K.L.:
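Following this message is one structure expressed as structure tokens.
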Number of protein chains: 2
Amino acid sequence: MRARIEDVARQAGVSTKTVSRVLNHEPNVREQTRERVLEVVRKLDYRPNPSARSLAANRSFLIALLYDNPSPNYVMEIQGGVLEACDAHQFSMMVRPLDSQAPDFVATVQSLIGQQRPDGLILTPPITDHPELLAHLDQLDLPYATVSSRIQGSIGVTMDETRAAAEITSHLVRLGHRRIAHVIGHPAHGGSELRLAGYRKAMAEAGIDVRSEWVVPGAFSFASGVAAARQLMALDSPPTAIFAANDDMAAGVIWATADAGWRVPQDLSVAGFDDTPISRQVWPAVSTVRQPSRDMGRIAALQLLRRIRHGEPGELVQVPYTLQLRDSTASCKRDA
Amino acid sequence: MRARIEDVARQAGVSTKTVSRVLNHEPNVREQTRERVLEVVRKLDYRPNPSARSLAANRSFLIALLYDNPSPNYVMEIQGGVLEACDAHQFSMMVRPLDSQAPDFVATVQSLIGQQRPDGLILTPPITDHPELLAHLDQLDLPYATVSSRIQGSIGVTMDETRAAAEITSHLVRLGHRRIAHVIGHPAHGGSELRLAGYRKAMAEAGIDVRSEWVVPGAFSFASGVAAARQLMALDSPPTAIFAANDDMAAGVIWATADAGWRVPQDLSVAGFDDTPISRQVWPAVSTVRQPSRDMGRIAALQLLRRIRHGEPGELVQVPYTLQLRDSTASCKRDA
DNA sequence: GGGTGCCTTGACAGCGCTGTCATGCTTGCC
DNA sequence: GGCAAGCATGACAGCGCTGTCAAGGCACCC
């Protein structure tokens, strides 16, 4: 049978409550007592029973990571970061794939909360952009942190997507491109607008008029990249560069151009966003914007835990991005 | 305040124990009583407190999914399947990324078990092939299910990888190829051997002698596919087809050939294994073997739950594969 | 009619922790 | 020296459920 708190208490010559104090880093324990307890804990390899702890403390020590199927790569990275933070704070993590477009979305989340009773939630895009859910959570007074979103008053982690999108667009301009198209992301995803705004900003700064046919809708999927590329290649005066709002779509664009016999980057430059593995696994490798997804997961979880554990307000941390310039972008040949 | 079992019992006019019986599908409850209880449960939207349940029942109602970073795509699929099964049985799932090569691997798992106390484990490759861990789990008498492995006496789910590998190799033979190379998977992964065996079997059946330089080591990564392809292309008489033991490596092979100016499938046919999204996201799309990963996750979890919940032995279920023939394989041109 | 055995139900203890509150001890200060 | 204030610690109840065991009710049989 495994050790219980009572065994530790007896061997250390203190009450169970004192052991509990030591284990939960509560104040007002003499240093000498603390050490004695910790020694017995080590000796017996004592681990508190999480169920008993949760029951008595009326908290689950659990946070839930909610996602709605952006790329598996992205989710796995975030998940890894969140787990890292949870481990460091004796919390556990549960994951929940969801369909944020479903009519019963909020009810589904509500049911999940009712069953598993997490102490807090981590929301990833596009779930971060679901006002009805956020309102519901606020009403329940259930803390949540958002990843990569700029919800007013929210805590979590964010990135300046607009500036990043502008920067990679400017990179294309500097290479000599003028006819630069943009494939928009999924409309339910707040990042789509921000990236589009960045594209427009950079184009405006370069003094280039954006023709309406250069801006085509996408859905963050490989397939939508293929469709967008076909549409753009069919224009009378096709673009010489395409900035897709994520890597999957950029890979789709490259696939479609290869399928049509175009060469990248000679005939067309292609840029993506996110630096997911797929950006390195197509040929040529895609120039893109790297966001530190794993760190973002970790930071979001840490902000949430600060809030849950210590009642601190928590903040919205902005993380840096970096341009990853690879082989899919080059100076403009076709117009030369 | 949320409803407790006592509230349900009072309103239904029964004891708490009877409510407990109904909720846990225990036998010997009169039908009429059961219905009355369930009605009150619905009315009050009662959900048992998982911590109290675990504490009293001395079980965690938790299963742990252990993985060591094969592709994120694969893990996400398995994870989705396992979650599905858990949801259907009121269990929860925790996930755990691990490094199965680390010296303290077994100790890490042990510590995880000690802390979270899962009622069972789901092992995914290559963790399924770690004899020391399996021995340890048997000794602890902690049930586990394996995915895609053929451990004697284990429960879970498997696929006939050897036959699948033989079949896709035969497909290349039928296209007219004779110089067919194979890129082996990661050596710690049991599937690598099985796929290699299938390749050899098909070659033998076709009466083709396998030259030793055609069989090159890989590691299931995109980069290892690139390296293997470069090695094979440098041969005096390079192969006309390459069967890589997974899709990531097949994508790497295609990348390397494009980089070297070879055309697929005109100059070289390439086949993969697994049917992960990457197989459709490179150009040309890769011919591969599809295994129903999500179903496999679900089935493995179901077998494990049968064992945990009902003490049934559980079995090793074999699932079917299908060949996905796409554009990366074609009849042999170079030798014609 | 009475005994046997099964079905159905309930009383109650207790799972292993933490919150509350009380207690004794130390320290600092006038 | 005496008193207030704060620190360190422990006793105890109770979190919400399930396991155990006992008991009552009922059907069925000889």
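Lettering follows sequence order; numbering is per chain, from 1. Remember, predicted model here, so these are calculated numbers, not experimental data.
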K.L.:
What's the spacing between A:Ile78 CD1 and A:Leu83 CG if we round to 0.5 Å?
P.N.:
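Here the rounded value is 12.0 Å.
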
K.L.:
What's the separation between atom CD in A:Glu77 and atom OG1 in A:Thr124, rounded to the nearest 0.5 Å?
P.N.:
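The CD atom of A:Glu77 sits 13.5 Å away from the OG1 atom of A:Thr124.
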
K.L.:
What's touching nucleotides 7-10 of chain C from the protein side, N or O pairs under 3.5 Å?
P.N.:
residue: C:dT8; atom: OP2; partner: B:Asn28; partner atom: OD1; Å: 3.4
residue: C:dT9; atom: OP1; partner: B:Arg30; partner atom: NH2; Å: 3.2
residue: C:dT9; atom: OP1; partner: B:Thr33; partner atom: OG1; Å: 2.5
residue: C:dT9; atom: OP2; partner: B:Arg30; partner atom: N; Å: 2.9
residue: C:dG10; atom: OP2; partner: B:Ser15; partner atom: N; Å: 2.9
residue: C:dG10; atom: OP2; partner: B:Ser15; partner atom: OG; Å: 3.1
residue: C:dG10; atom: OP2; partner: B:Thr18; partner atom: OG1; Å: 2.6
residue: C:dG10; atom: N7; partner: B:Arg21; partner atom: NH1; Å: 3.4
residue: C:dG10; atom: O6; partner: B:Arg21; partner atom: NH2; Å: 2.7

K.L.:
Measure from CG on B:Leu44 to P on D:dG16 and round the result to the nearest Å.
P.N.:
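After rounding, the reported distance stands at 15 Å.
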
K.L.:
Expressed as a whole number of angstroms, how long is the span from A:Arg59:CZ to C:dG19:C1'?
P.N.:
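Rounded to whole Å, this separation is 12 Å.
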
K.L.:
Got a second to check how far A:Met76's CE is from B:Tyr67's OH, nearest 0.5 Å?
P.N.:
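Reported to 0.5 Å precision, the distance equals 3.5 Å.
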
K.L.:
Whether the B:Thr146 and B:Ser154 side chains hold a donor-acceptor pair (N or O, under 3.5 Å, no angle test) is what I'd like checked.
P.N.:
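A donor-acceptor contact under 3.5 Å links the two side chains.
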
K.L.:
Would you say the side-chain atoms of B:Asn24 and B:Arg53 include a donor-acceptor pair closer than 3.5 Å?
P.N.:
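Checked: B:Asn24/B:Arg53 side chains pair up, N/O donor to acceptor below 3.5 Å.
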
K.L.:
Could you state the atom-to-atom distance from CZ of A:Arg2 to P of C:dG16 in whole Å?
P.N.:
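Going from A:Arg2 (CZ) to C:dG16 (P), I get 10 Å.
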
K.L.:
Should A:Asn58 be listed as having a side-chain N or O under 4.0 Å from OP1 or OP2 of C:dT18?
P.N.:
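So the side-chain polar atoms of A:Asn58 never come under 4.0 Å of the phosphate oxygens OP1 or OP2 of C:dT18.
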
K.L.:
Rounded to 10°, tell me the angle between the two end axes of the helix from C:dG1-D:dC30 to C:dC30-D:dG1, each built from five pairs.
P.N.:
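Helix axis angle between the two ends: 40°.
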
K.L.:
B:Gln303 vs B:Glu312, test: side-chain hydrogen bond (donor to acceptor under 3.5 Å, both in side chains). Steps then yes/no.
P.N.:
CA-CA 9 Å; B:Gln303 295 305 318; B:Glu312 295 169 22; over 6 Å; no

K.L.:
Quickly work out the B:Glu6 CD to C:dC12 C1' distance and round it to whole Å.
P.N.:
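About 13 Å, once rounded to whole Å.
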
K.L.:
Pick the closest DNA chain C nucleotide for A:Asn24 and for B:Ala56 by heavy atoms, then say which residue is nearer the 5' end.
P.N.:
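The residue mapped nearer the 5' terminus is B:Ala56.
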
K.L.:
Using atom CG of A:Asp7 as one end and atom C1' of C:dG16 as the other, report the distance to the nearest whole Å.
P.N.:
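It is 11 Å, rounded to the nearest whole Å.
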
K.L.:
Could you walk me through whether A:Met94 and B:Val95 pass side-chain contact (heavy atoms from CB on, under 4.5 Å), step by step?
P.N.:
CA-CA 8 Å; A:Met94 57 166 295; B:Val95 294; over 6 Å; no

K.L.:
Among D:dC15, D:dC17, C:dC17, which nucleotide sits nearest the side chain of A:Leu55?
P.N.:
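The closest nucleotide is D:dC15.
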
K.L.:
Report the distance from atom CD1 of A:Ile5 to atom C1' of D:dC12, rounded to the nearest whole Å.
P.N.:
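A:Ile5 atom CD1 is separated from D:dC12 atom C1' by 14 Å.
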
K.L.:
Between A:Lys43 and A:Glu39, does at least one N-O distance fall below 4.0 Å, as a salt bridge requires?
P.N.:
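So A:Lys43 does not pair with A:Glu39 through a salt bridge.
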
K.L.:
Round to the nearest Å and state the distance from A:Arg53 atom CZ to C:dT18 atom P.
P.N.:
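Result: 6 Å.
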
K.L.:
Could you pick out which residue, B:Ser20 or A:Ala57, lies toward the 5' side of DNA chain D when each is mapped onto its nearest nucleotide?
P.N.:
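Upstream on the strand: A:Ala57.
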
K.L.:
If you take all heavy atoms of A:Ala300 and A:Val157, which pair is closest and at what distance?
P.N.:
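Answer, listing the atom of A:Ala300 first, then A:Val157: CB-CG1, 3.9 Å.
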
K.L.:
Nearest whole angstrom, please: distance from the P of D:dC7 to the CD of A:Gln32.
P.N.:
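Roughly 18 Å, once rounded to whole Å.
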
